[in-house]
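Let me begin by presenting the structure, written as structure tokens, before commenting on it.
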Amino acid sequence: MPEGHTIHRLARDHRRKLTGGPLAISSPQGRAADAAAVLDGGELRDVDAFGKHLLYRFTTAAGEERTLHVHLGLFGRFRPRRVPPPEPRGQLRLRIVGAEHAADLSGPTACALMDPAEEHALLARLGPDPLRADADPARFLDALARRRISIAQALMDQSVIAGVGNVYRAEALHAERLDPHLPARELGEDRAAALWMRIAAQLADGVEDNRIVTAPGAREKPGRVRRSEAVCVYRRTACWTCGGSISSQKLVGRVLWWCPACQPAAGVSAPASSARR
DNA sequence: TTTTTATGGTCAC
DNA sequence: TGACCCTAAAAAT
């Protein structure tokens with residue numbers, strides 16, 4: 001589930017549904033018992049999202065300001081619940097129950113209190129997040145210009161750009177007709193700026209839809225569109241745009257998907273060079 | 001029923 | 001680069 005759009009959507013939803021009143025906070029599974037004990041009975045003031053990280057700003061029942069850091073990782077999920085919530089099923093790391101809304105968190109990579117120093121260190125190693133109004137695209141352009149790694153690898157590096165995951169990487173590169181193997185530094189300012197804009201737009205759509213829909217026209221009929229029909233290249237066999245065969249390759253532990261026809265290597269007939277990985 | 005896979009990330013070698 | 005962490009559902013047996 002979680003790329004940056006999921007995280008920002010959760011921040012928005014939880015800000016709206018869980019702030020403004022005392023919360024019962026527990027860790028049925030016990031693995032976040034310490035944080036739950038501190039936060040139980042407190043109030044949520046705000047929720048911040050940075051890339052794939054969530055920061056929940058609490059005022060505890062004792063009147064202290066504390067921040068809960070949540071990172072969903074690959075498997076983490078926040079599920080909305082009615083009040084009262086049902087008996088916990090499966091592994092439930094954290095349960096937050098307000099007067100009208102509740103939320104269950106399972107499988108996160110991180111769910112722990114974070115002090116200001118740790119938060120500072122976290123934010124310092126994150127690149128700009130296109131979903132944040134305070135994001136500086138110049139940092140993205142600079143990072144790309146300095147990297148020898150491929151653009152595909154660069155987009156997965158959260159210190160280059162925060163919030164992009166494996167689906168948006170594939171879809172944004174396809175939308176910009178960029179060969180994923182192109183070295184980041186060879187992108188050039190114009191194409192890098194266009195890529196930033198594309199990612200920002202796709203992520204923003206993702207927040208609104210609460211899912212990734214990048215296939216042209218598919219957003220107009222949400223709910224009816226299967227995932228495979230909502231994207232152009234990710235985990236597809238045929239390109240949504242041209243119908244050609246989609247290529248895939250394991251790259252640094254993740255599968256990269258692209259359309260060789262829509263995203264040709266610069267100078268296909270040129271002598272084999274470092275362009276291909 | 002078991003195995004594999006997944007939209008993520010860290011750490012040790 | 002691989003081991004590992006976390007959970008659930010799909011795919012394979």
Side-chain angles (χ1 to χ4, degrees), chain A residues 1-11 27-33 35 49-55 68-79 86 88-95 103-112 114 118 121-127 129-131 149-150 152-175 180 198-199 202-215 218 222 225-237 246 248-258 277:
Chain A
M1 294 294 285
E3 295 190 29
H5 68 301
T6 300
I7 304 313
H8 281 261
R9 177 57 179 254
L10 283 170
S27 178
Q29 170 199 61
R31 295 193 51 178
F50 296 89
K52 296 170 186 169
H53 298 262
L54 283 161
L55 297 177
L68 178 74
H69 171 232
V70 173
H71 190 291
L72 294 181
L74 188 53
F75 314 127
R77 257 181 105 171
F78 248 125
R79 294 178 175 84
R89 254 184 310 127
Q91 298 295 312
L92 188 50
R93 187 75 61 88
L94 198 73
R95 166 165 277 181
D104 281 347
L105 172 65
S106 65
T109 290
C111 172
M114 177 169 265
E118 291 170 324
L122 167 68
L123 299 185
R125 62 182 164 79
L126 288 182
D129 174 352
L131 285 175
I149 57 177
S150 67
Q153 278 189 59
L155 290 185
M156 294 292 277
D157 184 337
Q158 300 299 299
S159 72
V160 171
I161 183 169
V164 174
N166 207 18
V167 181
Y168 280 119
R169 152 171 91 169
E171 295 301 311
L173 288 174
H174 177 264
R198 176 74 68 176
I199 292 170
Q202 289 187 338
L203 280 168
D205 288 347
V207 174
E208 294 311 313
D209 299 342
N210 205 10
R211 64 178 295 201
I212 300 175
V213 182
T214 51
V225 204
R226 292 178 314 188
R227 184 188 66 185
S228 61
E229 297 306 314
V231 294
C232 292
V233 294
Y234 178 75
R235 277 172 73 85
R236 284 178 59 95
T237 51
I246 293 298
S248 66
Q249 148 189 47
K250 197 132 183 179
L251 185 65
V252 200
R254 312 299 298 277
V255 180
L256 169 68
W257 307 81
W258 80 102
R277 177 154 201 250

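Note on naming: letters A, B, ... go to the chains in the order of the sequence lines (proteins, then strands), and numbering restarts at 1 for each one.
- Phosphate proximity of dG9(B) to Q158(A): present, with a side-chain N or O under 4.0 Å from OP1 or OP2.
- Per the geometry, CZ belonging to R77(A) stands 16 Å off C1' belonging to dG8(B), to the nearest Å.
- Distances shown here put a side-chain N or O of R125(A) below 4.0 Å from the OP1 or OP2 atom of dT10(B).
- Here, dC4(C) and dT4(B) have their P atoms 16 Å apart, quoted to the whole Å.
- Annotation: dT13(C) and dT5(B) have their P atoms spaced 11 Å apart (nearest Å).
- Looking at residues two or more places apart in sequence or on another chain, you find a salt bridge (charged side-chain N to carboxylate O under 4.0 Å, His left out) between E229(A) and R226(A), R236(A).
- Remark: Y168(A) is not in phosphate contact with dT7(B), judged by side-chain N or O atoms under 4.0 Å from OP1 or OP2.
- A straight line from NE2 of H71(A) to C1' of dT7(C) spans 15 Å, rounded to a whole angstrom.
- The distance from atom CG of L203(A) to atom CD1 of I7(A), rounded to the nearest 0.5 Å, is 11.0 Å.
- Contact check, R235(A) against dA6(B): a side-chain N or O comes under 4.0 Å of OP1 or OP2.
- For the P atoms, the distance from dT7(B) to dA11(C) is 14 Å, rounded to whole Å.
- By the ring-ring contact (aromatic ring centres under 6.0 Å, His included) test, Y168(A) is found to be paired with H5(A), residues two or more places apart in sequence or in another chain being considered.
- Going from atom CZ of R9(A) over to atom CZ of R211(A) covers 12.5 Å, rounded to the nearest 0.5 Å.
- The side chain of R254(A) places an N or O atom within less than 4.0 Å of a non-bridging phosphate oxygen (OP1 or OP2) of dT7(B).
- Listed by chain and residue number, H69(A), H71(A) satisfy the ring-ring contact (aromatic ring centres under 6.0 Å, His included) test with H53(A) (two or more places apart in sequence, or in another chain).
- For R31(A), the salt bridge (charged side-chain N to carboxylate O under 4.0 Å, His left out) test picks out no residue, with sequence neighbours left out.
- For W257(A) and dT5(B), the CH2 to P distance is 11 Å, given to the nearest whole Å.
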With the criterion being N/O to N/O and under 3.5 Å, what pairs connect the protein with nucleotides 2-6 of chain C, and how long is each?
{"residue": "dC6(C)", "atom": "OP1", "partner": "R31(A)", "partner atom": "NH1", "Å": "2.5"}
{"residue": "dC6(C)", "atom": "OP1", "partner": "R31(A)", "partner atom": "NH2", "Å": "2.9"}
{"residue": "dC6(C)", "atom": "O5'", "partner": "R31(A)", "partner atom": "NH1", "Å": "3.1"}
{"residue": "dC6(C)", "atom": "O3'", "partner": "R93(A)", "partner atom": "NH2", "Å": "3.4"}

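- The nearest whole Å value for the distance from the CG atom in L105(A) to the P atom in dG8(B) is 17 Å.
- Distance noted for atom P between dC5(C) and dC13(B): 15 Å (whole Å).
- What separates CD of Q202(A) from P of dT7(B) is a distance of 16 Å, to the nearest Å.
- The side chain to side chain donor-acceptor pair (under 3.5 Å) test with D104(A) is passed by exactly one of R95(A), R89(A), R79(A): R95(A).
- One atom, CD of Q153(A), and another, P of dG9(B), lie 15 Å apart when rounded to the nearest Å.
- Residues forming a side-chain contact (heavy atoms from CB on, under 4.5 Å) with N166(A) (at least two apart in sequence, or on another chain): M156(A), R169(A), Y234(A), R254(A).
- The distance between atom CG of D157(A) and atom C1' of dG8(B), rounded to the nearest whole Å, is 13 Å.
- Counting to the nearest Å, the P atom of dT10(B) and the NZ atom of K52(A) are 10 Å from each other.
- For the pair H5(A) and dT7(B), the criterion of a side-chain N or O lying under 4.0 Å from OP1 or OP2 is not met.
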